[in-house]
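Comments concern the structure below.
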Amino acid sequence: MVTLVSRASLWLVLFLACFVAMVAAQDTAFSIQMGTCAVAALAALWFALRGARYDRIARGLPNAPPANTSLYDDEVIRWATIATVFWGMAGFLVGLTIALQLSFPQLNFEPWFNFGRMRPLHTSAVIFAFGGNALIATSFYVVQRTCRARLAFPGLARFVFWGYQLFIVLAATGYLLGVTQGKEYAEPEWYVDLWLTVVWVAYLVVFAFTIVRRSEPHIYVANWFYLSFIITVAMLHLVNNMAIPVSFLGARSISFFGGVQGAMVQWWYGHNAVGFFLTAGFLGMMYYFVPKQAQRPVYSYRLSIIHFWALIFLYIWAGPHHLHYTALPDWAQTLGMVFSVMLWMPSWGGMINGLMTLNGAWDKLRTDPILRMFVMSLAFYGMSTFEGPMMSVKSVNSLSHYTNWTIGHVHSGALGWNGMVTFGALYYMVPRLWGRAQLYSLRMVNWHFWTATLGIVFYAASMWVAGITQGLMWREYGADGYLVNSFADGVAAIHPMYVLRAFGGLLYLIGACVMTYNIWRTIAIGDQRDEKPLHNIDQNRDNDRPLGQHVAVPAE
């Protein structure tokens, strides 16, 4: 009873605080955002009261009977899996929209749906909504099975999920309303950042204490990567988002850092958001799901540990390579370049470790499209982690910086590495989470693989060509010493590449639509499509085997 009253009181207080802030807000955007928070708090209060077992409370019993500790806590993972698919579709659709806006400017609709507001909506949707929910789902899935333990603090785990969805909604609606700090990958304003801090600390507590209460003595390497991602992102978030609100009843704030110091802090954050959110966290996925799908142990567990320590030590220093030829001191630019080049070695060590895990299982690539997705993701991981260090070299950067080459590089990594490994993890988890023998259709997975791969090729190749074209046109001087091409000339020259980029995005979105339908049929209906089999491998749910020489993983 005490727990129910305290929980209901907390949500009631939050509702009243948000309602007062909404009424007294100094600008319309803040009023709308606080109204959204008030609705969320009211919904939480309603669900808390609705879910109460008053018959048990009246007899002095706990609100609910003790959970069955013999099983894994997969309910919140199922929620996060569905959210991953939903936000992925939303993010890919907005991405296609802004690609078309760049190709055909008349598709910009003022004021809410222009490129300036839709672009951060796209980046946050695919990175934090799609990628973040994928990381929450897979980290909770992996940590339980590799630790042989249920999630610590199940109520807090559910708060993490719903709190994170509120963060996504506040960030997205804020962008359309014009509320932004103007920082890459860190656009939400101060009050959204504070809320995310609370949610992220709860995430760390749930994950860390699940490891603490493990019954498996060994901490599998995937959990090392997940834990480093959670801790480092928290540190990056806190420092980069230090700001002074103009008013506690308004949406605007002033950054704690300014000028070249602000740029340095921003790209220390920005590059490491890529390094830990989009790399370390997704490597946790790779180190669990690739061995599982291949039914082989990790090629070298020792190499995976070297990969971990080298990566997290080197990545944190590489941010200044985003600021070549700026007011940043030259020694800091060189430091970023050197550490970026050094990053090539541990990154490729991890890629090789993942690919060599398929020793003795390469024949499965012909018949298992899920494994093919994992291998393609590793290939793009290797390519992106070579291209990134190369572009950090000053002589290369002088051509590539501020051009669409950077856009091609980012998307070959995001669509190829992050997207493909996430799709593979979803295809692996969904049948097991919902108790299905296998996916509705493996042939649809094959269609998804090929449409996504072709989409990435069109996207990345067109942006590489566009970027090099821009760089060469911008540095072309005539005999009189003046620039030959105007900026408008460069825009006109790369217009066909913009159209091809949009076509590549369309193919990627079509593949995601196929995945969504396949997952929906698997979850909602549970039947299997009558189709000619693609494979002969065992698809039973009890195919778990040890992931490494010293690791025993429980059957699912």
Side-chain angles (χ1 to χ4, degrees), residues 10-44 111-112 114 116-121 123-125 127-129 132 159-160 162-204 231-270 272-273 277 319:
L10 173 63
W11 293 123
L12 180 60
V13 169
L14 286 175
F15 165 73
L16 292 174
C18 293
F19 183 80
V20 170
M22 177 186 71
V23 173
Q26 295 189 355
D27 56 76
T28 303
F30 189 77
S31 179
I32 293 173
Q33 297 265 276
M34 289 301 102
T36 303
C37 292
V39 170
L42 191 62
W112 299 301
N114 58 33
R117 296 191 181 185
M118 295 282 279
R119 192 265 178 179
L121 179 66
T123 54
S124 288
I127 296 173
F128 299 114
F159 168 76
V160 170
W162 290 111
Y164 196 73
Q165 306 316 303
L166 177 60
F167 155 71
I168 294 167
V169 171
L170 289 175
T173 54
Y175 301 150
L176 296 180
L177 291 167
V179 178
T180 172
Q181 291 186 100
K183 291 185 173 185
E184 186 76 351
Y185 310 138
E187 285 94 347
E189 268 289 1
W190 62 273
Y191 53 93
V192 184
D193 290 331
L194 287 175
W195 176 250
L196 179 59
T197 301
V198 173
V199 173
W200 207 259
V201 170
Y203 183 23
L204 174 60
I231 293 173
T232 310
V233 166
M235 175 185 69
L236 298 167
H237 172 77
L238 287 172
V239 176
N240 188 52
N241 289 294
M242 292 175 66
I244 303 171
V246 174
S247 167
F248 287 108
L249 294 174
R252 304 298 177 186
S253 65
I254 300 171
S255 176
F256 211 74
F257 306 100
V260 71
Q261 290 83 11
M264 180 66 251
V265 171
Q266 160 59 28
W267 283 110
W268 169 77
Y269 163 88
N272 287 294
F277 200 98

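With ring centers used as reference points, Trp195 lies under 6.0 Å from Phe159. For Tyr185 and Phe277, the distance between ring centers is not under 6.0 angstrom.
Scanning all heavy atoms of the two residues, the minimum distance from Leu236 to Ala273 falls at CD1-N, 3.9 Å. Here the closest heavy-atom approach between residue Ser253 and residue Trp190 is recorded as CB-CD1, 3.7 Å. Contact between Ala171 and Val192 at its shortest, heavy atoms only, is N-CG1, 4.5 Å. Across Val160 and Val199, no two heavy atoms sit closer than the pair O-CG1, 3.6 Å. For the residue pair Arg117 and Leu177, the shortest heavy atom distance occurs at NH1-C, 3.5 Å. Minimum interatomic distance between Ala21 and Met34 (heavy atoms only, all atoms of both residues): CB-CG, 3.7 Å.
For the pair Asn241 (side chain) and His237 (backbone), a donor-acceptor distance under 3.5 Å is present. A distance-only check finds no donor-acceptor pair linking the side chain of Glu189 to the backbone of Arg252 [under 3.5 Å]. A side-chain donor-acceptor contact under 3.5 Å links Ser31 to the backbone of Met22.
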*Decide yes or no on ring-ring contact (aromatic ring centres under 6.0 Å, His included) for Tyr203 and Tyr164, but give the supporting numbers first.*
CA-CA 10 Å; Tyr203 183 23; Tyr164 196 73; 8.0 Å; no
*Can you list the steps and then say if Val265 with Phe256 is a side-chain contact (heavy atoms from CB on, under 4.5 Å)?*
CA-CA 10 Å; Val265 171; Phe256 211 74; over 6 Å; no
*May I have the step-by-step check of side-chain contact (heavy atoms from CB on, under 4.5 Å) for Phe30 and Phe248, ending in yes or no?*
CA-CA 10 Å; Phe30 189 77; Phe248 287 108; over 6 Å; no
*I would like to know whether Val233 and Trp200 meet side-chain contact (heavy atoms from CB on, under 4.5 Å); could you show each step before the answer?*
CA-CA 9 Å; Val233 166; Trp200 207 259; 3.8 Å; yes
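The number of heavy atoms from other shown groups lying within 6.0 Å of CZ (Phe257) is above 12.
Note on Glu184 versus Arg119: salt bridge recorded, some NZ/NE/NH1/NH2 to OD/OE distance being below 4.0 Å.
Remark: Leu42 CG to Phe15 CZ distance equals 5.0 Å, nearest 0.5 Å. Residue Tyr269 holds its OH atom at 12.5 Å from OG1 of Thr232, rounded to the nearest 0.5 Å. Put simply, CG on Asp193 and OH on Tyr191 are 9.5 Å apart, with the number rounded to the nearest 0.5 Å. In this structure, CG in Leu170 is found 10.5 Å from OH in Tyr175, a value given to the nearest 0.5 Å. The structure places OG1 of Thr173 at 11.5 Å from CD1 of Ile168, a figure rounded to the nearest 0.5 Å. To the nearest 0.5 Å, the span separating CG on Asp27 from CD on Gln33 amounts to 9.5 Å.
For the pair Val239/Trp268, a side-chain contact is recorded, criterion being any heavy-atom separation below 4.5 Å from C-beta on. You'll find the side chain of Ser255 stays beyond 4.5 Å of the side chain of Gln266, heavy atoms only.
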